[in-house]
Amino acid sequence: MAVSLYTVYSTVGVQRFLYGSRALAKIKWWEGTIVYQIYPRSFQDSDGDGVGDIAGITSRLDYIKELGVEAVWLSPIYESPMVDFGYDVADFTEIDTLFGTMDDFNELIEQAHKRDMKVLMDFIPNHTSDKHVWFELSRKAKRGANNPYKDYYIWHDGRKAKDGTLLPPNNWVGVFGGSMWTYDETRKQFYLHQFTKEQPDLNFRNPEVRREIEEVIAFWLKKGVDGFRVDAVRHIFETKELHRFEKPSGDKQFTPDQYEFYSHTLTRNLPEVHELISTWRDILNAYEYKMDKDLFMVVEVFEEEGTDEQMKYYASGAHMPFNFQLQKMNTTCDGSCVARLVYHWLNKMPEDSVANWVLGSHDVPRIADKMGVNMVNTMNMLLLLLPGVPFTYYGEEIGMQGVKVAFEDTQDPFGINMGQDRYEQFSRDPCRSPMQWSYAANAGFSNAPKTWLPVHSNYKENNVEVQQRDPQSHLNFYRRLAKLRRDIAFIRGDLDYAIVNHEVFSFIRFENGNIAYLIAANVGETEVVENFRKYEGKFPPGRGFVPQKGFVVMDTHAGNGSYVIENDFIQLSKVKLIPGQGLVLRFWPTF
Ligand code: NOJ
Ligand code: MG
């Protein structure tokens with residue numbers, strides 16, 4: 001059944017998204033860029049140990065630049081025992097030897113800046129590794145002793161069961177499953193960890209901890225980094241009342257050892273975090289002034305408490321919290337469903353703030369696996385042409401697929417913790433497989449006999465080299481999208497929804513009085529013919545409308561069953577879209 005745009009919006013009203021007064025202001029680099037996420041272990045190995053490294057990244061900067069990307073975000077490269085592959089940091093101001101040296105890092109920054117590219121660091125304030133010297137000192141702190149590290153972490157005596165056995169202070173379960181508390185034999189107390197037991201949570205109620213972390217921020221800013229992706233911010237504070245129990249969430253698909261079994265009102269998104277983030281923003285502001293450049297901070301906040309909770313992070317000082325709405329897409333999500341995901345974020349965002357979109361990351365399955373290879377171009381089209389900052393996870397530009405890893409070979413602690421029967425549902429290894437560069441051994445990623453995770457067996461058909469040669473490849477489609485999005489209509493233009501129905505999600509991007517773009521995607525399973533002239537435009541000034549003909553700028557399915565021809569005009573009253581297809585059409589709105 002086709003639902004008209006106006007039926008879909010009857011309850012919420014037709015929504016528009018305007019950049020408002022900011023359109024007049026200077027656009028900062030981070031508002032116009034694409035951010036490319038690199039998982040350093042898997043991007044490019046330069047020294048043949050089977051693990052990617054910093055020099056490898058530097059050697060690929062030209063490739064990234066040619067994608068049309070101006071900023072990279074590096075998943076952690078700090079010194080780490082690698083229990084959670086770098087998200088367990090043993091020293092916040094050292095580079096892990098696996099990834100290279102500080103000189104390699106300086107060189108990366110220099111080479112990136114030379115190319116007018118920015119480097120964002122992953123920043124992990126919630127926890128350290130249990131091998132961090134702060135934790136080593138904290139666990140040695142004797143009761144009553146005046147040890148400055150005593151309260152760097154969250155410690156508790158625990159409680160006694162009726163039979164006298166010692167139990168953790170409460171029922172809190174960590175993100176990767178199992179108790180949030182581990183007993184430490186040295187200190188003879190429990191310590192809190194929201195993630196693995198090798199990732200003890202720092203105590204941000206301790207001013208000394210706050211000062212240490214502030215110094216870490218300043219350290220990297222002085223080194224010239226252009227901003228941060230801040231990890232797990234919603235987990236930073238827990239209630240002070242450690243005797244309190246968390247209530248079950250009521251979600252029956254989870255078992256009591258799983259995180260989702262509980263609601264997390266005592267351990268997630270506590271109001272204190274916003275004040276903390278505002279102080280980090282102050283540091284950024286100070287360095288913006290000192291170094292005369294714009295800096296950027298995006299914070300990672302998942303959504304269980306609802307988008308309103310996420311939106312608070314815009315106000316607290318982050319330039320943006322990640323928007324994971326598009327990650328909710330799956331093959332059953334129809335046109336109206338996509339529209340809901342999109343306007344859900346745009347409508348809630350505070351005025352004058354900037355949106356962002358994420359399809360994939362090192363934590364979730366790859367988009368090609370989730371939506372099908374047929375949808376890769378269309379997904380990248382939405383990602384790059386919706387208003388705001390797109391985040392592209394390495395390999396998504398070539399439609400990489402996740403790799404299958406046996407339980408014995410599983411590396412991810414989340415997968416391992418869940419055991420052989422459930423690991424495939426939770427392991428994040430599949431989306432972390434090595435970048436597929438070429439036909440060469442190990443897809444050109446490494447010349448080691450064995451890589452840390454297996455290279456996908458399809459690498460000979462799917463790699464950068466093969467896609468570079470094919471004008472219709474995902475890679476070349478991505479590059480063209482990146483180029484197109486530099487048009488003012490995308491960088492600071494308005495958005496209005498066009499036809500939204502069971503099959504189609506479409507929207508228009510336009511900048512006052514300029515050329516407009518119609519982006520139309522068939523996310524359904526049947527071929528459709530749509531009349532876009534029915535759209536009653538809301539182009540300012542006054543009421544514009546869609547003309548007879550539109551110019552086909554891009555077609556996700558060019559040469560692949562499509563009815564249209566790129567660089568040709570088509571009748572906007574009869575636009576045929578096959579399943580999975582996306583079109584970018586250009587026209588001059590008639591006023
Ligand atoms: C979020 C990161 O994206 C994830 O990979 C990591 O395991 C946790 N935070 C803990 O740092
Ligand atoms: Mg290496």
Side-chain angles (χ1 to χ4, degrees), residues 35-43 52 73-92 96 120-132 135 153 172-178 180 182 192-202 204 213 216 228-238 258-260 264 267-269 273 297-304 310 313 318 321-324 327 356 358-366 391-394 396 402 410-418 423 426-433 452-453:
V35 179
Y36 188 81
Q37 181 192 353
I38 295 177
Y39 198 65
R41 296 182 70 86
S42 301
F43 198 58
W73 143 35
L74 308 183
S75 276
I77 49 173
Y78 313 107
E79 197 178 301
S80 165
M82 303 289 166
V83 171
D84 193 16
F85 298 110
Y87 285 95
D88 48 324
V89 180
D91 191 331
F92 288 112
D96 197 282
L120 306 174
M121 293 295 267
D122 215 307
F123 167 51
I124 304 117
N126 178 67
H127 45 267
T128 69
S129 159
D130 60 345
K131 300 290 178 302
H132 196 293
F135 190 71
Y153 296 83
W172 301 353
V173 165
V175 178
F176 297 147
M180 242 188 230
T182 292
L192 178 123
H193 51 88
Q194 293 231 17
F195 294 90
T196 70
K197 66 179 184 346
E198 293 85 1
Q199 291 164 297
D201 274 45
L202 283 165
F204 276 89
I213 290 296
V216 172
F228 301 97
R229 172 268 187 194
V230 192
D231 185 75
V233 291
R234 65 181 188 159
H235 302 280
I236 289 179
F237 284 97
E238 298 76 26
Q258 281 182 286
Y259 189 65
E260 290 80 0
H264 294 277
T267 54
R268 220 160 56 191
N269 285 323
V273 69
M297 168 164 60
V298 52
V299 295
E300 186 216 19
V301 194
F302 275 92
E303 201 216 344
E304 285 86 340
Q310 286 175 303
Y313 289 85
F322 277 131
N323 166 14
F324 296 115
Q327 284 186 358
N356 70 89
V358 185
L359 292 179
S361 78
H362 62 298
D363 290 329
V364 296
R366 288 208 175 258
F391 285 85
T392 287
Y393 182 52
Y394 82 95
E396 301 285 77
T410 293
Q411 304 284 330
D412 181 20
F414 200 2
I416 295 167
N417 271 3
M418 286 301 160
Y423 85 97
F426 296 97
S427 173
R428 297 165 297 175
D429 288 343
C431 67
R432 298 174 175 181
S433 69
W452 83 281
L453 275 177

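In each ligand, atom 1 is the first atom listed, and ligand 1 is the first ligand listed. Quick note: numbers below take in every heavy atom, side chains included, and nothing from hydrogens, waters or symmetry partners.
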**Study point:** F176: numbered ligand 1 atoms lying under 4.0 Å from its heavy atoms
**Key:** 7 (O)
Check your understanding: What residue and heavy atom of the protein are closest to atom 8 (C) of ligand 1, and at what distance?
Key -> F195 CE2, 3.6 Å
Practice item. Record the part of F302 in heavy-atom contact with ligand 1 below 4.0 Å; permitted values are side chain, backbone, both and neither. Key: neither
Check your understanding: Considering only protein heavy atoms, which is closest to atom 1 (C) of ligand 1, and at what distance to one decimal place?
Key -> D231 OD1, 2.9 Å
Review point. Passes side-chain hydrogen bond (donor to acceptor under 3.5 Å, both in side chains), S80 versus Y87? Steps please.
Key: CA-CA 8 Å; S80 165; Y87 285 95; over 6 Å; no
Check your understanding: Does the side chain of N417 come within less than 4.5 Å of F426's, by heavy atoms?
Key -> no
Check your understanding: Against heavy atoms of D363, which atoms of ligand 1 measure under 4.0 Å?
Key -> 1 (C), 2 (C), 3 (O), 4 (C), 5 (O)
Exercise for review: Check the angle between the aromatic planes of H235 and F195 and answer parallel, tilted or perpendicular using the 30° and 60° thresholds.
Suggested key: perpendicular
Practice item. Classify the contact between R229 and ligand 1 as side chain, backbone, both or neither, using a heavy-atom distance cut-off of under 4.0 Å. Key: side chain
Review point. Are any of the side-chain nitrogens in D96 or R41 under 4.0 Å away from the carboxylate oxygens of its partner?
Key: no
Exercise for review: Please could you name the atoms of ligand 1 that R428 approaches to less than 4.0 Å, counting only its heavy atoms?
Suggested key: 4 (C), 5 (O), 6 (C), 7 (O)
Exercise for review: Indicate yes or no for a side-chain donor-acceptor contact from Q199 to the backbone of T196 under 3.5 Å, with no hydrogens or angles considered.
Suggested key: yes
Check your understanding: F85 near ligand 1, heavy-atom distance under 4.0 Å?
Key -> no
Revision key, fill the gap. The protein heavy atom nearest to atom 7 (O) of ligand 1 is D84 OD2, 2.6 Å
Exercise for review: May I have the step-by-step check of ring pair (Phe, Tyr, Trp, His ring centres under 6.0 Å) for Y39 and Y394, ending in yes or no?
Suggested key: CA-CA 7 Å; Y39 198 65; Y394 82 95; 7.0 Å; no
**Study point:** Numbered atoms of ligand 1 (with element) below 4.0 Å of H127, judged on heavy atoms
**Key:** 10 (C), 11 (O)
Check your understanding: With Q194, which of H264, E238, H127 fulfils side-chain hydrogen bond (donor to acceptor under 3.5 Å, both in side chains)?
Key -> E238
